Structure formats: structure tokens, C-alpha cells
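Small disclaimer: the values here were computed from a predicted structure and weren't measured. For the single chain, residues carry numbers from 1 onward in sequence order.
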Amino acid sequence: QVQLVESGGGLVQAGASLRLSCAASGLTFSRYAMGWFRQAPGKEREFVASISWSTVTTYYAETVKGRFTISRDNAKRTVYLQMNSLKPEDTGVYYCAAGNIGNRPENYGYWGQGTQVTVSS
């Protein structure tokens, strides 16, 4: 079955960096767009970034543009999210997803379990 396993979350101070990884199995990884979403306590899941299967197209939420970078290694079946200049408002559970390129959760049919990112002020 399809598995997406996130890693790399943690507790950091504002201004720090983290790199999230999401390892995929059970699907033809190179055929899927990949996305990152996050969910803060009491809030709806929100789009963070996405990347096409070819890496040619990327999208970012305005709140992370210029600070976060999404990338992928199709040979390793892994997608990454490099997060720099982290802010307390970046706190949440970060999920990776596989599906069609876009910023809506409905675009993605497969989801990981999430990794917690906490940014202290």
C-alpha cells in the first residue's frame, strides 16, 4: 500500500531552520505531484508548497514564499521542505501529500501521518 512518511520536525527557536523529508513507497513516485500542508491547533489544514513530478513547477503559500523551498529527488522517492527563518506562526503538524499539482487538499489522494514543527519565540 501507499506510504508517505514524514521526518525532520522538532522544536526550534524563531529564526532557525529545519528540513523536512517525506519518503514515499507503494506508488510510482515520479508520476505524482507532491505537496506540503500544515495544520495548527484549532485551525484548518492549509497549503504550504507543492512541486510537479518534473520539478519544473512549484507553488508556495504567500506566508512562506522566500523562506521555504520545496524540492524532490525522484531517484530517492523523497520530497523535501527546507524551512528557513522560522516564525512562531509556522508551528503546526506538517503533512506531505501525493496527487495532482495544486494548493487544495482535494488535489491529493495520499497523505502522510505528519510531523510536528514547533517554533518558540
Side-chain angles (χ1 to χ4, degrees):
Q1 73 275 21
V2 175
Q3 281 194 315
L4 301 176
V5 180
E6 302 95 336
S7 61
L11 171 62
V12 297
Q13 290 189 329
S17 297
L18 279 175
R19 189 196 196 200
L20 305 184
S21 299
C22 172
S25 61
L27 77 170
T28 307
F29 181 76
S30 59
R31 293 184 181 178
Y32 287 84
M34 299 297 295
W36 286 97
F37 290 75
R38 67 187 181 189
Q39 188 166 19
K43 295 188 177 182
E44 292 187 355
R45 192 169 298 190
E46 65 173 0
F47 170 75
V48 175
S50 61
I51 186 168
S52 62
W53 64 269
S54 65
T55 76
V56 169
T57 303
T58 57
Y59 295 111
Y60 295 93
E62 286 298 321
T63 53
V64 307
K65 199 172 290 185
R67 299 188 296 123
F68 291 11
T69 302
I70 189 171
S71 62
R72 65 189 294 164
D73 185 332
N74 286 342
K76 294 183 178 179
R77 306 167 64 85
T78 301
V79 62
Y80 306 97
L81 185 68
Q82 178 67 43
M83 306 187 295
N84 298 329
S85 302
L86 282 162
K87 304 176 181 180
E89 51 264 44
D90 294 319
T91 294
V93 178
Y94 282 69
Y95 300 90
C96 76
N100 298 310
I101 191 78
N103 62 1
R104 301 172 61 188
E106 304 89 276
N107 285 43
Y108 300 87
Y110 301 107
W111 293 83
Q113 293 299 306
T115 185
Q116 176 70 45
V117 172
T118 303
V119 184
S120 64
S121 57

**Prompt:** Hey, would you say the Trp111 and Phe37 ring centroids sit under 6.0 Å apart?
**Reply:** yes
**Asked** What closest approach, in Å, do Ala98 and Met34 show between heavy atoms, and which atom pair accounts for it?
**Response** CB-SD, 3.5 Å
**Message:** Tell me which pairs pass disulfide bond (SG atoms under 2.5 Å apart) where either residue lies in residues 25-70, with sequence neighbours left out.
**Reply:** none
**Request:** Take Thr78 and Asp73, measure what side-chain hydrogen bond (donor to acceptor under 3.5 Å, both in side chains) needs, and give me the verdict at the end.
**Result:** CA-CA 5 Å; Thr78 301; Asp73 185 332; over 6 Å; no
**Request:** Assess whether atom CD of Gln113 is packed by more than 12 heavy atoms of other residues, nucleotides or ligands within 6.0 Å.
**Result:** no
**Residue among Val56, Val79, Thr69 satisfying side-chain contact (heavy atoms from CB on, under 4.5 Å) with Ile51** = Val79
**Complete:** Residue pairs passing the disulfide bond (SG atoms under 2.5 Å apart) test with at least one member in residues 9-92, sequence neighbours excluded, are Cys22-Cys96
**Asked** So Tyr110 and Tyr32, would you call those rings parallel, tilted or perpendicular, with 30° and 60° as cut-offs?
**Response** perpendicular
**Arg104 and Phe47, any side-chain heavy atoms less than 4.5 Å apart** = no
**Positive for side-chain contact (heavy atoms from CB on, under 4.5 Å) with Thr118, one of Asp90, Val93, Leu11, Val12** = Leu11
**Prompt:** Are the side chains of Tyr80 and Ile70 in touch, meaning some heavy atoms are under 4.5 Å apart?
**Reply:** no
**Backbone of Ser54 reached by a side-chain donor or acceptor of Arg72 within 3.5 Å** = no
